[in-house]
4 protein chains.
Amino acid sequence: MNGVNDVNGESGRRGRPRRPETDTRILQATVELLGESGYGALSIEAVAARAGVTRPTVYRRWPDKAHLVVDALAQTVPVAPAPDSGDLRADLHDLARGLVDRLIRTGLARIILAVHADSFGHQDLAVPLRNLYLRPRLETITDVIARAVDRGDLPPHTSPATARDLLAGPIFYRWLVSGDLTDTDVEELADTTWRALTGQEQGP
Amino acid sequence: MNGVNDVNGESGRRGRPRRPETDTRILQATVELLGESGYGALSIEAVAARAGVTRPTVYRRWPDKAHLVVDALAQTVPVAPAPDSGDLRADLHDLARGLVDRLIRTGLARIILAVHADSFGHQDLAVPLRNLYLRPRLETITDVIARAVDRGDLPPHTSPATARDLLAGPIFYRWLVSGDLTDTDVEELADTTWRALTGQEQGP
Amino acid sequence: MNGVNDVNGESGRRGRPRRPETDTRILQATVELLGESGYGALSIEAVAARAGVTRPTVYRRWPDKAHLVVDALAQTVPVAPAPDSGDLRADLHDLARGLVDRLIRTGLARIILAVHADSFGHQDLAVPLRNLYLRPRLETITDVIARAVDRGDLPPHTSPATARDLLAGPIFYRWLVSGDLTDTDVEELADTTWRALTGQEQGP
Amino acid sequence: MNGVNDVNGESGRRGRPRRPETDTRILQATVELLGESGYGALSIEAVAARAGVTRPTVYRRWPDKAHLVVDALAQTVPVAPAPDSGDLRADLHDLARGLVDRLIRTGLARIILAVHADSFGHQDLAVPLRNLYLRPRLETITDVIARAVDRGDLPPHTSPATARDLLAGPIFYRWLVSGDLTDTDVEELADTTWRALTGQEQGP
DNA sequence: ATCTAAGCGAGACGGTACGTCCTGTCTTGAG
DNA sequence: CTCAAGACAGGACGTACCGTCTCGCTTAGAT
């Protein structure tokens, strides 16, 4: 639960304790620099300088750039609360807008993509990324679906995971291949997913 | 149509002409190294060495790693032919399997993701990536949809682009968040999309 | 007499003739750039660019930087006329001032030093440098001495070459080790040499 | 006294200390390569390779080739002891032979000339060159002169600096313009200088 | 109160790669 | 044959980071 960083892992209590402020400053610097220049251009050197810390101090806590970034994302990006208006269609639109506003428009999606691309095949990175970062955020969506099933707004055999992929997948894919995403696009895609899930008369 | 690399662009034919073989060797080396170690770890240095060429020779043709990789992808990854069995469901399954077999299982998807993450905000890179690489490959999917609409297998107001996002989006999204993709997953997601498009009784 | 450069040496009259203007422009550019940034920083590339010519055109005429510079110096730096006032002391002062004004103060001495340092051991360079550049300039001095011997102002066994070294050597040496040379220094050194040659009462 | 290189200069003793061996190895390699191919052809790259060190390690200590070479000369070329036979004429011959044997015949003079040519106008280079390298070596000569004045072998108003220039200047000048120097030349020039200083019957 | 282990800033170090510049040679097409 | 243009192999430039290491100093809990 406490990230990739050991934070005085089980072993240690002897010796001078780490200043907790140092952790914060490094993560803060990481987030700032990610926002300014992206994952590829991020260097440990720059993070350390921005945090007013030396490189070894960073390496004492995180083994490399990727692990550092995962922690920075996990501890910095807030998990949005799951919408619960009682109306599935409204909730889906809410979720869709949330994805766009909090991930795509802020540039976060780009960073996460880069970390993902870097992490494939590195289990020590991909696993924490999924557990720390993704899981709680994905659950926001599956919770909404599960509640709709409970309410009877969706058929009982509806798979929350598949429904989630049906909502978020097309949005990210559209963004990826077109490079842009208008509000109308998002509305339309959310509606299409809602119709697909509920079996309303066809679109798109 | 001739890539990011100028290939003796408009300017003329004066001076010693470029050896066309050199282009090929560099792109070939790029593809090989991408496959071996991914986009992040790719260095121009290594590409040049593998191609039996000096670094300046590479820089004469492509301004940086990203542009080089875009060209390498565009000229190397084959565009799969659009399936045309006459049966939409079969075609969709075919397309879905194709995405997985040719992009995800080969590691290409990971590379494309990395290039994308690098390219956002760099129009000189993102635009060629979309025009040279993505567009022809996306058309394979929209062609299948358009033909199904013509045949009357899909409602006439069906948007090929949206249908495309509905098919490919969930697959990539699932792969992204779970890190893996079984054949069953793919079948199920393709079926869900088919049902959503045709309005068959609901899943998933 | 025609320098290191072949200037359509004996062999050629067939084919398109060389534009003589090109020779001039290249030498001119060389002298300018030498003055601006010295011998070490001079590049054939820059010479060609300044002369509005391509690199191979330069290489067709001179095999390398050193040969080019020797020719540029020989054809550009004027040979000062030998002073002949009838008074040896005045002539020596004149020569000394000339060395300082035309070589040291203009930066030429520095360039010649660099070429010399580069040329040692390269006979194909050192020989033309001495024959084309140095010899005519050294003769200005030995001529003055020889005339003074003829006039009886100096003992008949005076060696013009040694006398020359006794005049010019200390001046250059002083400049070399102190980095600067005041008018008084020069006067004093010239006087010392005059006294040494004529056997006047001792200094310095 | 400690060269152009900081050698953990005033700033302090924090951080991992430099291996002193590294300094030595780099200077050693510099001297060797200077001897093999001269100043112009010397590259930091080659020095680093020969010293078994990487380029950045060299640049950490010296800003460029010229500074490196100045230190290499200063720390490597021994200062010859001043001759003190009690006989001025013998001492002058001794000094002259020393100049030729230790500077000209070893190729050192050529290197020093090249550094000088490079250093003019660069005070940060010319000043250390004079202070570290030249000054102690020039003093060998002026000491001899000063002692001769004390002994009464030279007139009391004799300027040691001028006398020094009168001895060394002609020798270097002769070497420079003729490219060679026989033992007889040197003897003759030293004698000429001795006569000039003491006012013996004239030569040359 | 001392001991001892760790944190930490500082900076050296061997490396790899960067992107640029220049060298000297070559290949083409035009004059 | 000249010449402009420009490709090419090669080599060096000076810089930026990497990840590791060795210092001296500081900060604490354990003794």
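We name chains A, B, ... by the order of the sequence lines, and we start the count at 1 in each one.
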Check your understanding: Do A:L113 and A:H116 come close enough that some side-chain heavy atom pair is under 4.5 Å?
Key -> no

Exercise for review: Ignoring backbone atoms, test whether C:R60 places a side-chain nitrogen or oxygen under 4.0 Å from the OP1 or OP2 oxygen of F:dA4.
Suggested key: no

Review point. Between atom CG in A:L68 and atom P in F:dC18, what is the gap in whole Å?
Key: 11 Å

**Study point:** Interatomic distance, D:R50 CZ vs F:dA12 P [rounded to whole Å]
**Key:** 13 Å

Review point. Would you call A:D23 and A:R18 a salt bridge, taking side-chain N to carboxylate O under 4.0 Å as the test?
Key: no

**Study point:** N/O donor-acceptor pair, side chain A:R16 with base F:dG29, under 3.5 angstrom
**Key:** no

Study note, to complete from the structure: Separation of F:dG11 atom C1' from D:L42 atom CG, nearest Å, is 14 Å

Review point. Over how many whole Å does the gap from A:L33 atom CG to F:dC17 atom P extend?
Key: 11 Å

Point to revise | Taking every non-hydrogen atom, the tightest pair across B:L125 and B:S119 | key: CD2-CB, 3.5 Å

**Study point:** Atom-to-atom span, CZ of B:R18 to C1' of E:dT28 - whole angstrom
**Key:** 15 Å

Exercise for review: Return the 5'-most residue of the pair C:P56, B:R25 with respect to DNA chain F, ranking by each residue's nearest nucleotide.
Suggested key: C:P56

Revision key, fill the gap. Rounded to whole Å, OH of C:Y59 lies from P of F:dA5 at a distance of 17 Å

Practice item. Let me know, please, whether A:P20 or C:I44 comes out on the 5' side of the other along DNA chain E by nearest nucleotide. Key: A:P20

**Study point:** Gap between atoms CD and P, on D:E45 and F:dG10 respectively (whole Å)
**Key:** 15 Å

Review point. Start at the 5' end of DNA chain E and walk down; is the nucleotide closest to B:D64 or to C:A46 reached first?
Key: B:D64

Review point. Reckon B:T57 has a side-chain N or O less than 4.0 Å from the OP1 or OP2 of F:dA9?
Key: yes

Practice item. Look at the side chain of D:R55 and the base of F:dG14, then say whether one donor and one acceptor between them are separated by less than 3.5 Å. Key: yes

Review point. Considering heavy-atom distances to DNA chain F, does B:R19 or D:S43 have its closest nucleotide positioned more toward the 5' end?
Key: B:R19

Review point. To the nearest Å, how far apart are D:W62 CH2 and E:dA12 P?
Key: 13 Å

Review point. Do C:L73 and C:L108 come within less than 4.5 Å of each other through their side chains, counting heavy atoms only?
Key: yes

Review point. Would D:R50 and D:E36 pass as an ion pair if we require N to O under 4.0 Å?
Key: yes

Check your understanding: For A:T54 and E:dA10, is the shortest distance between a side-chain N/O and OP1 or OP2 below 4.0 Å?
Key -> no

